[in-house]
Amino acid sequence: MSTSVNGGSVVGTTKHDVGVASGVGRTALLVAAARAIETHRDDSLAQDVFAEHFVLAAPASHGWPTRLCQVPDGEANPLWGRFARYFGLRTRVLDDFLLQSAHTTDARQVVLLGAGLDTRAFRLDWPAGSVVFEIDREEVLAFKHKVLDGLSAAPRATRVAVPVDLRADWGTALAASGFDPAAPSAWLAEGLLFYLPAVAESALVAQVDRLSARGSSLAYEVKLEPDLMTYRDSPLYTATNQQIGIDLLGLFAKEPRPDSAGALASNGWATSIHTPFEFTHRHGRGPHPEENDALAGNRWVFANKP
Ligand code: SAM
């Protein structure tokens, strides 16, 4: 079934099944499991003490590891070794991006697009007056609230859940939740854009631009390989499908991706594009390039609106 952005309603939900039980929502559990494993590493890059609780609470992640010692082949496992480490590195880099935006600019609004089981509102040291808006589908956010409420977790900023589909008119929902487009903001789309149709990605980036006052910043992840199927037999995709039944390539939108960094640059944003491996080098740990690498086209894009 095809999907489209059509003035507020969403056409096509085949790949976006409800909650974290299946479809793209279940990928949020994959990232949570990876963050749990990262948290318990001796050389951890990022700490998320809530992550393992999502994995343990959801029937859809029954039996998944939350520590590397629970994985028989440990580090050598393409999914819970290298791929989980990738998510750990990504978490750290994007934690740093948001904290730098919060502490070195006037941005007190943070918007997590496709927030999933991101617990940054609870984990990070936000300046006084910060508001974290979390956008995802209602059922995903409901599962997240249930788990966090059960832990009596307390957010470290004002936290506003915005349950809406990002293929629809999410800007209106965000504004109705108290977001102020006249004030600067920091935006994050982590592990999101490759699940959206190209038209929805372009609409999302244009919307972020419209809602961003000067002094705003944005970070997002894209996959730049011209043909996603190039790495269909890679250890990373194969292990993810075989071990936990998540067919990432089946969930990704297949059409050519828009040049979102170019669109932002033409609207006056300053952009920089990095491979994850640059951050592996910077932190002294993380994934390295390999043959037939599903991470080869991954890029992390950072943008500021001066
Ligand atoms: N950003 C989170 C993180 O890194 O922990 C979650 C990443 S998870 C791989 C992808 C998330 O995108 C899921 O929570 C999913 O529900 C959300 N998502 C995908 N398509 C969406 C859509 N059309 N509208 C809202 N959320 C969507």
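Counting starts at 1 for both ligands and their atoms, following the listed order.
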So, do [X] and [Y] sit near enough that their side-chain heavy atoms are less than 4.5 Å apart?
X	Y	result
R35	F50	no
L30	L79	yes
D48	L117	no

Any idea which atoms of ligand 1 are less than 4.0 Å away from a heavy-atom of [X]?
X	value
A28	8 (S), 14 (O)
R90	4 (O)
V24	19 (C)

For [atom], which of [options] has the closest heavy atom?
atom	options	value
atom 10 (C) of ligand 1	G191, G114, A51	G191
atom 3 (C) of ligand 1	E221, R26, E139, R35	R35
atom 16 (O) of ligand 1	L251, D136, L204	D136

What orientation do [X] and [Y] show, parallel under 30°, tilted 30 to 60°, or perpendicular over 60°?
X	Y	result
W80	W64	tilted
W300	Y86	tilted
F302	F279	tilted

Location of contacts on [X] toward ligand 1, heavy atoms closer than 4.0 Å:
X	result
A200	neither
L166	both
D165	both

Check: Has ligand 1 got any nitrogen or oxygen that is less than 3.5 angstrom from a nitrogen or oxygen of T27?
Finding: no
Item checked: L196 to ligand 1, any heavy atom closer than 4.0 Å -> yes
Item checked: Sub-4.0 Å heavy-atom approach of V164 to ligand 1 -> yes
Note to self: Within the 3.5 Å criterion, strictly below it, is a donor on E52 or T39 matched to an acceptor on the partner's side chain?
What the structure shows: no
Next item on the list: Hey, could you give me the CZ/CZ distance between R92 and R282, rounded to the nearest 0.5 Å?
Entry: 10.5 Å
